[in-house]
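Proteins get letters first, then strands, A, B, ... in listed order; numbering begins at 1 in each.
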Amino acid sequence: MEVIAQQIRKEFIRAGSQTNIFTAVAPCDFLIPAGQVTMIHGRSGSGKSTMLNLLAGILHPTEGKVFYDGADLYAMKDEELSGFRNRHIGYVPQGRSAVFSLNVLENVMLPYTLYEEDGRNAARRMLERFGIADLSEVMPDRLSGGELRRMAIARALVRKPEVIFADEPTGDLDDENTEAVLDSLCQLAREGAAVLIVTHEEDAFAYADRIFAMNAGTLSQER
Amino acid sequence: MTHLRQLIFRNLVKRPVRSIALCLLAAVLSAVLFAGTCTVQSLENGFRAMEMRLGADIMVVPYAAISKKNFDNAVLLGNAGAFYMPGEYMDKIARMEGVGKISSQFCLTLTETEYCDVPVCLMAYDPETDFTVKPWILESDGEAGKSRGVVIGSRIDAKVGETLSLFGTDVTVSARLDQSDTDCDTTVYMDPETLRSIADASGDETLKERIRGYDGNAASSILIDVKDGYDVESVKNDINIHIKKVRAVQSQHVLTHAASGMGGVSRGVKLLMAAVWAVCVGVMAAVLVFETRERRREFALLRIMGASGRKISGIVRGEVLSVSGIGALTGTLAGLILVLAGNGWMVRWLSLPFLFPDAAQMAWNVLLSLLIPTVTGAAAAAFAAGRISGKEPGTLLREET
């Protein structure tokens, strides 16, 4: 599945002021091709995460459109868009991301559970793939930052999505786990997924097919 | 875990303080609504019953009765106690202008029995002239008013045809009265001859002395039905002016006082219910809004994974409905226990007739006290969920960071 953004722009109104508008993402066209790893890097506050969210269908652009194999993402109603996200998009958010009332296995199963499907076996396979199968019954508040991150990645990939977004996926990981995660994402790209990673770690660039820099909301291609 | 409802359950277990707090709020609301509604209905039922049962327009009692006991309440509860006036007063009153039907009653004593949990009044009435007891007979073997055939109030634990032993004398229950929640419910009415044999057989000198007084035509109360076309108040005033050491009271006057007392209590209870409901709505909404703000990241994650705004609302509503439902059930049970246990205390405290709601009213009250807290919880949840489910996941994530 290929993602195409056409002239997307995002503006925010600063809290407490109706007139102080700032542009988080300047108008741009963007493509996430299937079978490739695309990376965006940039400083904090440069608009990387906002760009990622616009492309992932979780934040409406102020202007512009996002197409998934020709389907206009933001023309969909909430129910349809949510279902689309569930089936086609894997998203690894920045920071700690867990439902703390569920154990690790249940967290990874959640994309299935939300639609009343049994994802137990798929979730177990993902936990094995990321080396946390022995933690399946553990509650998330007992996990280290790295384990939590691997759980979040396992959850994002459990439905074998065709498009994967990862916001600083290696932020809390040691070298060994960083390599394992990036290898997994590359493997998924080789299997045909479109992968977009937002990172500020230059070591990760070695895994990218295409690299973009984000600076004050403006996107430019470096590779 | 393959069902969303399991997620709801886990969320409740994971946040015990919130769950218990919401549950308690719903329970308090439910208990107050149930107990309050039952109280108001009991007062209204009691008042209606009393209105029907006060068959006499005027009740005359010895003046001594009012120095010992609140007179209106004595009349309301159907018993002015063991105070007596000369029997010839009845003849004097009967000859007065406007007096129609007239009948006297004589209370021998209040006594502990195995048939009732409160002292029972042994009362002689005149079956020939009576117009206030017979109309309320619920079931009868046709022997009521005859020798050894007694009429019992509804709280006395015996059936028609059974035998009661009173001070060693056996009497047969010939009739049973409808419930009134006045002292009539704990009274055994009998003909003078039966009362006399009980007093004689008791060996109790006080009772014997009282019955001797009765033989001299003493009465505890005289009940009067005013003739059509005569003003009840004028007849009452005539009695108070012309008959010494008695007090005549107009039933309607007593009812007006009782209605005013009942109205005040009812209004107070209704106000309390409204206040508790308002506080519960406010606190529930505040707790839920605060809590959903705290859980923005969790909801954002669920949205990212594909949960629609409607699903998020469903999760919040499911959580709140579960706890408020459990709370409502607990509160209703607590309310029921409170009402059953406090029934006697309420009668004593209010000194007003208090007739418990019937099964249909009770079922309706249970339904309401289950529904209102649950619906209140659902409304508060919908308010909180609306604030969170209407936001895009990207916005929630942004607010979080």
Answer with side chain, backbone, both or neither: which region of [X] has an atom nearer than 4.5 Å to a non-hydrogen atom of chain B?
{"X": "Phe12(A)", "answer": "side chain"}
{"X": "Asn86(A)", "answer": "both"}
{"X": "Ala98(A)", "answer": "backbone"}
{"X": "Ser49(A)", "answer": "neither"}

Inset, instruction - Please determine, by modelled atom types, if Glu79(A) and Ser82(A) share a side-chain donor-acceptor pair under 3.5 angstrom. - result: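 No, no side-chain donor-acceptor pair sits under 3.5 Å.
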Inset, instruction - Go through the atoms of Ile304(B) and report whether side chain, backbone, both or neither lie under 4.5 Å from a heavy atom of chain A. - result: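 Both backbone and side chain.
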Inset, instruction - Measure distances from Leu302(B) to the heavy atoms of chain A and classify the residue's part below 4.5 Å as side chain, backbone, both or neither. - result: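 Both backbone and side chain.
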Legend entry - Asn365(B) side-chain N/O to Phe34(B) backbone N/O, donor-acceptor pair under 3.5 Å: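 No, because the side chain of Asn365(B) does not come within donor-acceptor range (under 3.5 Å) of the backbone of Phe34(B).
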Inset, instruction - For the pair Glu106(A) and Arg155(A), find out whether any cationic side-chain nitrogen is under 4.0 Å from an anionic carboxylate oxygen. - result: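 Arg155(A) and Glu106(A): not salt-bridged.
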Inset, instruction - Could you tell me whether Lys14(B) and Asp141(A) have a side-chain N and a carboxylate O separated by less than 4.0 Å? - result: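 Yes, charged N to carboxylate O under 4.0 Å.
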Legend entry - Cation-pi geometry met for Arg159(A) and Tyr112(A) (6.0 Å, 45°):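 Yes, Arg159(A) lies over the aromatic ring of Tyr112(A).
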